[in-house]
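The structure appears right after this line, and notes come after that.
From a predicted model like this one, the values you see are computed outputs, not experimental measurements. Read the numbers this way: they start at 1 and go in the same order the structure lists the ligands and their atoms.
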Amino acid sequence: MLSQPAESPSARGVIDALRRLVGESHVLVDPAERAGHEIDWTGRFQGRALAVVRPADAGEVRAVLRLCNEAGIGVVPQGGNTGLVGGGVPRDGEVVLSLLRLRDIGPIDPVAAEVTAGAGVTLGDVQRHAAAAGWAFGVDLASRSAATVGGMIATNAGGLNVLRHGPMAAQVLGVELALADGGHIERIAAPHKDTAGYDLAALVTGSEGTLAVVTRARLRLVPRMTARAVAVIGLPDTAAAVSLVGRLQARLPSLVAAELFFEPGVELVVRHAAGRRPFEAIAGAYLLVECADLASPLDDLAAALSDEPSIVDIAVATGASDRLGLWHLREAHPEAIAREGVPHKLDIAVPTGRLADFVAMVGPAVAAVVPAARVHVYGHVADGNLHVNVLGPGPLDDAVDDAVLRLAIELGGTISAEHGIGVAKVAWLSLVRGADDTAAMAAIKRALDPRGILNPGVLFPVG
Ligand SMILES: Cc1cc2nc3c(=O)[nH]c(=O)nc-3n(C[C@H](O)[C@H](O)[C@H](O)COP(=O)(O)OP(=O)(O)OC[C@H]3O[C@@H](n4cnc5c(N)ncnc54)[C@H](O)[C@@H]3O)c2cc1C
């Protein structure tokens, strides 16, 4: 794999060839222009790119891949660069392939309930496009203004509404792919129900840019619910929040979100992100629930909560700005934590019956290896998915990562629920995937990317 300074003769030749393919202004070699593409959202992962290349369409994407494959140059696909495991930023001299110019979005098909969007369309644009036609998109993330269709497919993004609509995998109906050697797979126009052969859209979903580059996707839409109610519920502890979510799931078909957070996180959001406390009382755990329906779900929500004895306090909102105010308490956690330093972000899941154990055990587990570290936890209750943010250790000190990931495994869980493995968790993948499992993944990788140019170092160790 080529890894040379951009000034070397062979690198200069590749850069000139890239310029001929996509135009001079879309090959960024100037360090200042590359900079934002070379560091991740957290600031923990960064590296040097040979160049950042911005193709205009799928044909140019394929041409860039063909060139890099022939030259043996690593390619890092990049969408909105909101990924949290270092998979979308270069390691050492790769070409960053930015998909942000692939922004076409088609008309909504109301019978099939679907839309086709380019890889570089942001989640926010998909949501607005769907809403304008009376539809909604089933995935929502706090990074909606920047996260792209391609990145969300590559990471199999989850987010805030998984309990109702499932993760990205449940929304992807078809894909158009550019292969490592410049080849082309198009499964865009197929009917919803298509059992003719391997489901390549499913294969590439969650593959983190290691198997192919997504250039377009056909996405499922869901009915748009116009009436919403949000409640932030103060509860004594995590166990109370988990058991309440169980009861609400059974009683409230309109439940679309159930998010957990804690007082230290609320304090940070108030301090750094203009958050406003939901109520005076300090609770052991905060549960945010949202119900969405065509008619107001408020009465159903109130009835479901009325006989809950453990509630410490509660704030409810139905109007748009008040709802956003409550959501801000949860959604601003990543931003508020980032204001305190560069976090280690660990995105684990455990069986829901072990969530409370995990929350109780993770602080001591981290303190045992880095006593001064600060731990902030929040997450999606129904998915058993907690985001563990550790502040204190340097970017390369992965002792806390090891402690947190092993604790999740010990409790029957997994090391990644939605962010992926990236470069951050490669060393732990074998703990959750057996030898035959890993060998099968490596064989698929070799079949689709024999020269190993697609996202080297992600999912598999380099070399
Ligand atoms: C504030 C904040 C909140 C977040 N909340 C959530 C959340 O609730 N749930 C969740 O799942 N994630 C969340 N994320 C993480 C992130 O937004 C998602 O992982 C998202 O899917 C990344 O999309 P992106 O376009 O930014 O991809 P990037 O960061 O650019 O890339 C991510 C990965 O996808 C690959 N990739 C990108 N585009 C393509 C393509 N077209 N073809 C092939 N591979 C590609 C990259 O190589 C990389 O491995 C959050 C991030 C932030 C900053």
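Contact annotation: for Thr82 versus ligand 1, heavy atoms closer than 4.0 Å belong to both the backbone and the side chain. Only side-chain heavy atoms of Leu99 come within less than 4.0 Å of ligand 1; its backbone N, CA, C and O stay farther off. Only the side chain of Ala119 comes within 4.0 Å of ligand 1, judged by heavy-atom distances. When non-hydrogen atoms are compared, ligand 1 lies under 4.0 Å from the side chain of Leu84 (C-beta onward) but not from its backbone. Contacts of Asp40 with ligand 1, taken as heavy-atom pairs under 4.0 Å, are absent altogether. Looking at Ala147 against ligand 1, both its backbone and its side chain come within 4.0 Å, counting heavy atoms.
Annotation: atom 28 (P) of ligand 1 to nearest protein heavy atom, Asn81 N, 3.6 Å. Among protein heavy atoms, the minimum distance from atom 36 (N) of ligand 1 is reached at Ala154 CB, 3.6 Å. Atom 30 (O) of ligand 1 has its closest protein heavy atom at Gly79 N, 2.7 Å. What sits closest to atom 13 (C) of ligand 1 on the protein, heavy atoms only, is His419 NE2, 3.8 Å. Looking at atom 46 (C) of ligand 1, its nearest protein heavy atom turns out to be Pro77 O, 3.1 Å. In this structure, atom 41 (N) of ligand 1 lies nearest to the protein heavy atom Val214 O, 2.9 Å. Scanning the protein heavy atoms around atom 24 (P) of ligand 1, the nearest turns out to be Gly80 N, 3.5 Å. Nearest protein neighbour of atom 52 (C) of ligand 1, counting heavy atoms only, is Ser143 CB, 3.6 Å.
Polar contact check, Asn455 against ligand 1: a nitrogen or oxygen pair lies under 3.5 Å apart. Between Asp140 and ligand 1, not a single N/O pair is under 3.5 Å apart. Considering backbone and side-chain N/O atoms, Val76 never comes within less than 3.5 Å of an N/O atom of ligand 1. The shortest N or O to N or O distance between Val213 and ligand 1 is not below 3.5 Å. The shortest N/O to N/O separation between Gly87 and ligand 1 falls below 3.5 Å.
The nearest pair of heavy atoms linking Ala133 to Ile108 is CB-CD1, 3.9 Å. Smallest separation of non-hydrogen atoms from Ala292 and Arg228: CB-NH1, 3.5 Å. Between Ala147 and Leu141, the shortest heavy-atom distance links the atoms CB-CD1, 4.2 Å. Here the closest heavy-atom approach between residue Leu454 and residue Gly209 is recorded as CB-O, 3.5 Å.
If you check each of Glu259, Glu418, Glu331 against atom 7 (C) of ligand 1, the one with the closest non-hydrogen atom is Glu418. Remark: among candidates Gly151, Ser145, Gly83, the nearest residue to atom 38 (N) of ligand 1 is Gly151, based on non-hydrogen atoms. The option from Asn385, Ile153, Thr155, Leu459 that lies nearest to atom 32 (C) of ligand 1, judged by heavy atoms, is Thr155.
Heavy-atom separations between Ala212 and ligand 1 include at least one value shorter than 4.0 Å. Contact between Val458 and ligand 1 is absent, with no heavy atom of the residue lying under 4.0 Å from the ligand.
Ser98 and Gln78 share no side-chain donor-acceptor pair at under 3.5 Å. Side chain to side chain, Asn81 and Trp41 fail the donor-acceptor criterion of an N or O pair below 3.5 Å.
Between His387 and His380, the angle of the ring planes goes over 60°, which puts this pair in the perpendicular group of the 30/60° scheme.
For Asp402, the CG atom counts as densely surrounded, since its 6.0 Å shell holds more than 12 non-hydrogen atoms of other residues, nucleotides or ligands.
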Pairs under 3.5 angstrom only: tabulate donor-acceptor contacts from the side chains of residues 321-329 to other protein residues two or more places apart or in another chain.
| residue | atom | partner | partner atom | Å |
| --- | --- | --- | --- | --- |
| Arg323 | NE | Thr318 | O | 2.9 |
| Trp327 | NE1 | Glu290 | OE1 | 3.2 |
| His328 | NE2 | Ala273 | O | 2.5 |

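The closest side-chain heavy-atom distance from Val269 to Arg271 is not below 4.5 Å. By the 4.5 Å heavy-atom criterion applied to side chains, Tyr378 and Leu260 are not counted as neighbours.
Taking the charged nitrogens against the carboxylate oxygens, Asp125 and Arg103 do have a contact shorter than 4.0 Å, which makes a salt bridge. Ion pairing of Arg34 with Asp30 is absent here, as no side-chain N (NZ or NE/NH1/NH2) approaches a carboxylate O to less than 4.0 Å. The pair Glu186-Arg216 counts as a salt bridge, with a side-chain nitrogen and a carboxylate oxygen less than 4.0 angstrom apart.
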